Amino acid sequence: MPKRTAAAAAISSFFQPALKKPKYEVPSEKSNHPTYPYPIPYLPTPFLDPLISAPATEGKPINDQPDLDLLSFQPFIPKSISDSLFEFLRQELFYYRVQYKINRFGTETTINTPRYTTVFGVDSTSFFNIDGKLHDSQLKVPCPLNKYKCKPRPIPQCLDMLKKVTEKAAGETFNFCLVNYYADGNDSISYHSDDEKFLGPNPAIASFSLGAPRDFLMKHKPIAASPTHSIQPEPKPLKFNLGPGEMILMRGPTQKNWLHSVPKRAGKESGHGRINITFRKALVRGGTENYYQYNVGSGDVFRWDEGRKKMVDWTGEWALEERIK
DNA sequence: GACTATAATAGAA
DNA sequence: ATTCTATTATAGT
């Protein structure tokens, strides 16, 4: 038997590449709650040490513009796990494609949210008791069943681990986790501010990027014209290309004065997919109702299909599992 | 720099 | 918190 040379091995592996090793092993322990379509695995244990060592780099302040206060981590999540963390969250979380109606100039239109979304958490007036039931934060007793129209979901262990290291680095506490999946350049979010009253006057929001890089645009809100000040030409938006593992903490006067967006993009990153995770703190009940209405809604459950490389409607499977119970 | 095709942006509804 | 379309910008040759 002649020796198999390195060159021969290289050629062989070119024609028959080694089986793709799984990016992570699914832990047997899972987070579960009656509001989940299915249990969510714990964070794979090999992710824990790298995650606890975060932030991977120190935060750079970006505050050289009026009313802007950002802290940018490039990256926050160690490179060694950012790719597999992306795969894990895309595969193991459930997502929604929310539809809602708005009234615009007297005409009602249906909006199909141009991205996949999901949300966990509850505002500060409630907390999840050890038994999984909502309790009143002040009275420490179970909440009235009609306190919420929606069904708040506890933050699963895997996202709570990330929340904890984020809180430590940001010097803030959070009670909500919103997750967005942008399947390709056609998924987007248009200019808006996270300036709802239920977040308080100077909300801190930590925003993570995983997977494919995407542009993130920020521009100052228009300054109203007044008799003493003529209308100024709008300054150019700031553009950040957010890569995997990056985190931007937006705080202080930022939300009150700036808009941000992830605009549609042609070609290029189609098929890669990007996950955005934001942590924030809702102070009152209205915040909970709002977030569940616009990020979960009442539609079908979607899950990543690794074979077909896309999100698929999982509602049928959910119904099947419910029948088995 | 000009010409063209494609992409990004801005405004209206 | 959107989409459509017109306009402007960018990239390739």
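None of these values were measured; they are calculated from a predicted model. Within every chain, numbering begins at 1; the chains are lettered A, B, ... in the order of the sequence lines, protein sequences first and strands thereafter.
Rounded to a whole Å, the CZ atom of R115(A) is 13 Å from the C1' atom of dT3(C). Rounded to whole angstrom, the span from the CD1 atom of I111(A) across to the C1' atom of dA1(C) amounts to 8 Å. A straight line from CG of L259(A) to P of dT9(B) spans 15 Å, rounded to a whole angstrom. Protein atom CG of D215(A) is 8 Å distant from nucleotide atom P of dA8(B), rounded to whole Å. Y116(A) has its OH atom 18 Å from the C1' atom of dA1(C), to the nearest Å. With rounding to whole Å, M218(A) atom CE is found 18 Å from dT9(B) atom C1'. Y191(A) places its OH atom 17 Å from the P atom of dA12(B), with the value rounded to the nearest Å. With rounding to whole Å, L217(A) atom CG is found 8 Å from dA10(B) atom P.
Comparing dA8(B), dT3(C), dT9(B) by their nearest atom to the side chain of K264(A) picks out dT3(C).
Not one side-chain nitrogen or oxygen of K236(A) sits closer than 4.0 Å to the OP1 or OP2 atom of dT9(B). Taking side-chain N and O atoms only, R265(A) has a distance below 4.0 Å to OP1 or OP2 of dT9(B). Listed pair K101(A) / dA1(C) fails the phosphate criterion, with no side-chain N or O lying under 4.0 Å from OP1 or OP2.
There is no side-chain donor-acceptor pair under 3.5 Å between T254(A) and D69(A). The closest side-chain donor-acceptor pair between D123(A) and Y148(A) falls under 3.5 angstrom.
Connection of L283(A) to V119(A) is established within a shared hydrophobic cluster, with ILVMFWY side chains joined at heavy-atom distances below 4.5 Å, either directly or through further cluster members.
Figure legend: cation-pi geometry between R280(A) and F174(A) absent, as NZ or CZ is not positioned both under 6.0 Å from the six-membered ring centre and within 45° of its axis.
Here I102(A) lies out of heavy-atom contact (under 4.0 Å) with every strand.
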